[in-house]
Amino acid sequence: MDLDKVKQMTNSGEMYDDNAKEVAAIRTQALAMCRKYNHKVNTDNEYDMSILKELFLHVGENVYIESNFRCEFGFNISIGNDVYINHDMIILDCNEVTIGNDVYIGPRAGLYAANHAEDPFERVEKGVYSKPISLQDRVWLGGDVKITQGVTIGENSIIGAGSVVTKDIPPNVIAAGNPCRVIRPIQFSENRWKRE
């Protein structure tokens, strides 16, 4: 299995064969590792990050991923420190997916770096292309948020539950809707609360 070849193909931004033998092999391996991780969480209450550290490009400290997590390949996923990902997360990492530090992700969220061909005849031939996704530091995604390819969510921003994000969201805002749009700036506390 030529991992470097698949990385080059998927991350190029050009159309590639989603059904190619090498692509399918890595996808199958990632699916097996996700199932192994989820099984340990669901049956043993064991969050075995060693499985995901083997699968992902990078995993920081204090990362907590709830069960029923799924990803496409794994090799394109980088996660910073102090990240919480709730149940039923799906990451289609057909391009780089970067999750910064102190990020919260609600249940049933999806990060979809892949897109099928617009031309129906190319689509039937399994033509797929991809663009990267980035969640910068201290982003919070509400439940059921979907992020499409090529999107960056700026630091500190909050995306409301159920939103579909198709364009970049700037830092320090609250945004929501389908399609997602900026609602207002974040209000930073003057007397910031800290736990004791």
Side-chain angles (χ1 to χ4, degrees), residues 6-7 9-19 23 27 30 34 56-58 65-66 68-80 83-187:
V6 173
K7 281 183 183 179
M9 189 170 24
T10 59
N11 294 4
S12 69
E14 302 295 323
M15 197 79 68
Y16 67 90
D17 180 359
D18 192 44
N19 210 32
V23 173
R27 184 184 294 116
C34 288
F56 295 166
L57 179 63
H58 174 77
I65 301 177
E66 291 287 2
N68 303 322
F69 169 80
R70 288 159 285 174
C71 68
E72 184 95 6
F73 299 121
F75 61 70
N76 270 326
I77 299 172
S78 294
I79 301 179
V83 172
Y84 178 75
I85 298 176
N86 215 320
H87 294 279
D88 301 318
M89 176 70 176
I90 298 176
I91 302 178
L92 301 184
D93 61 308
C94 301
N95 207 307
E96 294 175 355
V97 173
T98 305
I99 298 172
N101 301 312
D102 301 298
V103 171
Y104 291 174
I105 298 178
R108 295 197 173 107
L111 306 179
Y112 306 143
N115 205 352
H116 295 278
E118 180 177 336
D119 182 309
F121 296 99
E122 291 180 333
R123 196 163 56 245
V124 168
E125 293 295 321
K126 311 300 184 204
V128 168
Y129 64 97
S130 64
K131 296 177 184 175
I133 292 173
S134 176
L135 308 182
Q136 296 182 346
D137 293 348
R138 295 170 303 280
V139 162
W140 173 20
L141 304 184
D144 289 302
V145 167
K146 311 304 178 197
I147 310 285
T148 62
Q149 61 167 245
V151 167
T152 294
I153 309 296
E155 64 181 10
N156 304 320
S157 286
I158 299 169
I159 307 300
S163 297
V164 178
V165 188
T166 60
K167 295 182 179 175
D168 291 352
I169 300 296
N172 304 314
V173 298
I174 296 174
N178 181 6
C180 189
R181 61 181 179 78
V182 173
I183 295 172
R184 65 172 173 83
I186 285 179
Q187 297 173 1

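Numbers here are sequence positions counted from 1.
- Remark: side-chain polar atoms of Thr98 are not paired, donor with acceptor, to backbone N or O of Leu135 under 3.5 angstrom.
- Partners of Ser12 by side chain to side chain contact (heavy atoms under 4.5 Å, CB included), not counting sequence neighbours, listed by chain and number: Glu14.
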After noting the C-alpha distance and the side-chain angles of Val139 and Ile169, does the key distance pass the side chain to side chain contact (heavy atoms under 4.5 Å, CB included) rule?
-> CA-CA 11 Å; Val139 162; Ile169 300 296; over 6 Å; no
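- Note: Ser163 OG to Asn178 CG = 8.0 Å, rounded to the nearest 0.5 Å.
- Annotation: the span from Ile65 atom CD1 to Ile91 atom CD1 amounts to 7.0 Å, rounded to 0.5 Å.
- Closest approach of Asp93 and Cys71 over heavy atoms only: OD1-CB, 3.9 Å.
- Remark: Asn76 engages Asn11 in a side chain to side chain donor-acceptor pair (under 3.5 Å) (not counting sequence neighbours).
- Two residues are said to be in side-chain contact when any heavy atoms from C-beta on lie closer than 4.5 Å; Ile85 and Ile79 meet this criterion.
- The neighbour count for Lys131 NZ, taken as heavy atoms of other residues, nucleotides or ligands under 6.0 Å away, does not exceed 12.
- In terms of heavy atoms, Ser157 sits closest to Pro171 at OG-C, 3.3 Å.
- Separating the OG1 atom in Thr152 from the CD1 atom in Ile147 is a distance of 10.0 Å, to the nearest 0.5 Å.
- Residues passing the salt bridge (Lys or Arg N to Asp or Glu O under 4.0 Å) test with Glu155 are Arg138, sequence neighbours excluded.
- Minimum interatomic distance between Ala109 and Ile105 (heavy atoms only, all atoms of both residues): CB-CG2, 3.5 Å.
- Residues that satisfy the side chain to side chain contact (heavy atoms under 4.5 Å, CB included) test with Pro170, not counting sequence neighbours, are Val173, Val182.
- Sorted by first then second residue, the salt bridge (Lys or Arg N to Asp or Glu O under 4.0 Å) pairs that include residues 108-130, not counting sequence neighbours, are Asp88-Arg108.
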How far apart are the C-alpha atoms of Asp18 and Glu72, what are their side-chain angles, what is the distance that settles it, and do they pass the side chain to side chain contact (heavy atoms under 4.5 Å, CB included) test?
-> CA-CA 11 Å; Asp18 192 44; Glu72 184 95 6; 4.2 Å; yes
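- For residues 167-176, every residue pair satisfying the side chain to side chain donor-acceptor pair (under 3.5 Å) rule, not counting sequence neighbours, is listed here: Asn156-Asn172.
- Of all heavy-atom pairs spanning Asp17 and Val23, the tightest one is O-CG2, 3.9 Å.
- Evaluation of the side chain to side chain donor-acceptor pair (under 3.5 Å) rule for Ser130 yields Asn95 as partners, not counting sequence neighbours.
- Between the side chain of Asn101 and the backbone N or O of Asp137, no donor-acceptor pair lies under 3.5 Å.
- With sequence neighbours left out, Ile174 forms a side chain to side chain contact (heavy atoms under 4.5 Å, CB included) with Ile158, Arg184, Ile186.
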How far apart are the C-alpha atoms of Glu96 and Leu57, what are their side-chain angles, what is the distance that settles it, and do they pass the side chain to side chain contact (heavy atoms under 4.5 Å, CB included) test?
-> CA-CA 9 Å; Glu96 294 175 355; Leu57 179 63; 5.9 Å; no
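- Between atom CD1 of residue Ile153 and atom SG of residue Cys180 there is a gap of 6.5 Å, rounded to the nearest 0.5 Å.
- Judged as a ring pair (Phe, Tyr, Trp, His ring centres under 6.0 Å), and not counting sequence neighbours, Tyr16 has no contacts.
- Across all their heavy atoms, Ile133 and Leu111 have their closest contact at CD1-C, 3.9 Å.
- Taking CG of Asn115 as the start and CE of Met15 as the end, the distance is 9.0 Å to the nearest 0.5 Å.
- Annotation for Cys94 and Ala113: closest pair N-CB, 4.1 Å, computed over non-hydrogen atoms.
- Among pairs with a residue in residues 83-142, those fulfilling ring-ring contact (aromatic ring centres under 6.0 Å, His included) read Tyr64-Tyr84, at least two apart in sequence or across chains.
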